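One structure is given here, and the rest of the page talks about it.
Just so it is clear, the values below take in all heavy atoms, side chains as well, and ignore hydrogens, waters and symmetry mates. Every chain is numbered from 1 and lettered A, B, ... according to where its sequence line falls, protein lines coming before strand lines. This is a predicted model, so every value here is computed, not measured.
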Amino acid sequence: MPSLLHSLASPARFQRISAHVFPWAAVLATGLIGCGLVWALVFVPPDYQQGDTVRVMYVHVPAAWMSMFCYAVMAVLSVSFLIWKHALADLAARASAPIGAAFTTVALITGSLWGKPTWGTYWEWDARLTSVLVLFFLYLGHMALSNAFDDRERGGRAAAILAVVGAINLPIIKFSVEWWNTLHQPASVLRMDGPTIHSSMLWPLLVMAAGFTAFYVVLLLIRIRSELMARRIEVLQRHRAAEGA
Amino acid sequence: MSAFTALVRRDVALATRRGGEAALTLGFFVITIALFPFGVGPDPELLGRIAAGIIWVTALLAAIVSLDRLFRQDLEDGSLDLLALSPMPLELVVLAKCLAHWLVTGLPVTLLAPVMGMMLQLDPEAYAPLIIGLALGTPALSLVGAIGASLVLGARRGGALIGLLVLPLYIPVLIFGISAVEAALAGLPVLPHILIEGAVLVVSLPLAAFAGAGALRLAMD
C-alpha cells in the first residue's frame with residue numbers, strides 16, 4: 001500500500017492515471033446511484049411500520065457512512081503527508097474535507113427530515129445525531145484552518161496535524177456522547193431498532209453505498225485535478241509576469 | 001527540570017504582573033456566569049438545576065478566551081525561537097506553557113467555582129464532584145487548547161479560529177465533568193466519572209505535547 005501511494009505521489013503520474021480512472025468512476029457512480037435510486041424508490045416494498053418514509057434511508061445511511069469514510073481517508077492522507085511530505089496527499093486531504101462536510105450535511109438534513117415523521121421531531125439530542133453534528137464541526141474547523149494561511153503549504157501541514165488530532169479524539173468524543181446520552185435520556189431514545197434489516201432492503205442500500213463511494217472518487221478527482229491545474233496556471237502567470245518585468 | 005520551572009514561573013509572572021491576562025480571564029468568567037440569571041430568569045430552582053452546566057460551559061469559554069496569547073507573544077518577540085534553541089525539548093516547552101496557563105486560568109476558575117455555585121443555588125451534594133471535576137478537567141482544557149493555539153499561529157483571524165478548532169474537542173471534558181455532578185445528584189457513585197475525566201487528562205498530555213510541538217516547529221519555519 002505505501003508503495004502504491006508513493007508511486008501515485010508524483011503529480012504527473014497522478015494526472016495520467018486519474019485521467020483513466022475518472023470516466024470509469026463517473027460511469028460507475030451514475031449507474032449505481034441511478035439503479036439504486038430506482039430500486040429503492042420504486043421496487044422496494046414499503047416498510048410495515050414506517051411506510052414510504054423508510055426510503056429516506058437509501059440516501060441517509062450511505063451519506064452518513066461516507067461522512068465517516070471521508071474523515072478516515074483524510075486522517076490517513078494527513079498522516080502520510082506529515083511523514084512522507086507528499087504534496088499530493090495534502091491536496092487530496094484538503095479536497096476530501098469539503099466533500100466530507102457535504103456528505104455530513106446531507107446525512108444531517110435527511111436524518112432530520114426522516115426524524116419528523118418517524119420520531120415526531122426534526123432534532124433529537126440522540127447520541128448518533130450529536131456525534132455526527134460534532135463531526136460536522138470538525139470538518140468546518142479543518143476547512144477553516146487549511147484556508148487560513150497565506151502560505152498554502154503551511155495551511156496544509158497545520159490542517160494535517162488537526163486532522164490527526166481529530167481522528168484520535170473522534171472515538172473519545174463518540175464514547176463520551178453515548179455516555180452522556182444514556183445519562184440524560186434513559187430509554188426515551190426513539191430509535192428504529194429493527195433487529196436485522198431484510199435483504200430486500202439491504203441490497204439496494206449496498207448498491208447506493210457503492211454508488212456514493214464512486215461519486216466521492218469522482219468529486220475527489222475533479223477537485224484534485226482542478227487544483228493542480230490552478231497551480232499550473234499560477235506558475236505560468238508568475239513566469240509571464242517575470243518576463244514582462 | 002529547572003528550565004521547566006523557570007519557564008512556568010516566567011509565564012505566570014507575565015500573566016499576573018502586568019495587571020492583565022489572569023485577572024481579565026477571571027473577570028470574563030464571573031461576568032459571563034452573572035449573565036445567565038438575566039437570560040433565563042432568577043428562579044432559584046431553575047438556576048440550581050443548570051448551575052453546574054453554566055459553570056462548566058463558562059469555564060470552557062474562559063479557557064478559550066485566554067488561549068490566543070499562549071504562544072503568539074512569544075512568537076512575535078522571538079522568545080519562542082530562543083526556547084526552541086534551548087536544550088529543553090519543545091514538547092516540554094509546550095507542557096510548561098500549558099501548566100502556566102492552567103495556573104492563571106483553570107486553577108482560579110476551579111477555586112471560584114464554589115462561590116459561583118452558591119450564587120446559582122447549586123445543590124450542596126454537587127460541590128465536591130464539581131470542584132474535583134474542574135480540577136481534573138481544566139488542565140485538559142489548557143492542554144487541548146494549546147494544540148489549537150499553536151496551530152493557528154500565523155493564520156489570518158487566528159483568535160477567532162481557535163474556538164472553532166478547540167471547542168468540539170472539549171466536548172468529552174465537559175461531558176464527564178457534568179456527568180460526575182449528575183451522578184452525585186442522582187445518588188449514584190461518582191468515582192467512575194471522575195476516573196474517566198482523569199483519563200481524558202492523561203490522554204491529552206502526550207497529545208498536546210506532540211501535536212503542539214509539531215505545530216510550533218511549523219510556525220517557526
Among [options], who wins on heavy-atom pairs under 4.5 Å with chain A?
options                      : result
B/Val144, B/Ile147, B/Leu165 : B/Leu165
B/Leu207, B/Val152, B/Leu153 : B/Leu153
B/Gly214, B/Gly163, B/Ala155 : B/Ala155
B/Leu169, B/Ile171, B/Val166 : B/Leu169
B/Leu164, B/Val200, B/Leu174 : B/Leu164

Measuring heavy-atom distances to chain A, does [X] have an atom under 4.5 Å in its side chain, in its backbone, in both, or in neither?
X        : result
B/Val203 : side chain
B/Ile175 : side chain
B/Ala219 : both
B/Leu218 : both

Exercise. Could you tell me whether the side chain of A/Tyr139 and the main chain of A/Ser67 form a donor-acceptor pair under 3.5 Å?
Key: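 Such a contact is found between A/Tyr139 side chain and A/Ser67 backbone.
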Quiz item: Looking only at atom types and distance, does a side-chain atom of B/Tyr170 sit under 3.5 Å from a main-chain N or O of B/Leu141, one as donor and one as acceptor?
Solution: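 A pair under 3.5 Å: yes.
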Exercise. Heavy-atom pairs under 4.5 Å with chain B are the metric here; pick the option from A/Ile161, A/Asp151, A/Leu135, A/Val165 that has the most.
Key: A/Ile161
Quiz item: Under a 4.5 Å heavy-atom cutoff, which of A/Leu145, A/Asn147, A/Asn169, A/Ile172 has the most pairs with chain B?
Solution: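 Heavy-atom pairs under 4.5 Å are most numerous for A/Leu145.
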Quiz prompt | Side-chain H-bond candidate by donor/acceptor type, B/Thr138 with B/Trp102, under 3.5 Å | solution =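 The criterion, which ignores hydrogens and geometry beyond distance, is satisfied for B/Trp102 and B/Thr138.
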Quiz item: Distance only, no hydrogens: is a donor on one side chain within 3.5 Å (strictly under) of an acceptor on the other, for A/Ser80 and A/His86?
Solution: no
Self-check item: Note: A/Arg231-A/Glu153 ion pair, threshold 4.0 Å (strictly below)
Solution: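 Looking at A/Arg231 and A/Glu153, the cut-off is not met.
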Quiz item: When the ring planes of A/Phe175 and B/Phe176 are compared, do they come out parallel, tilted or perpendicular, using 30° and 60° as the limits?
Solution: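 Ring orientation, 0 to 90° scale: tilted.
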Self-check item: Contact origin within A/Ile168 toward chain B - heavy atom pairs under 4.5 Å
Solution: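 Only the side chain of A/Ile168 comes within 4.5 Å of chain B.
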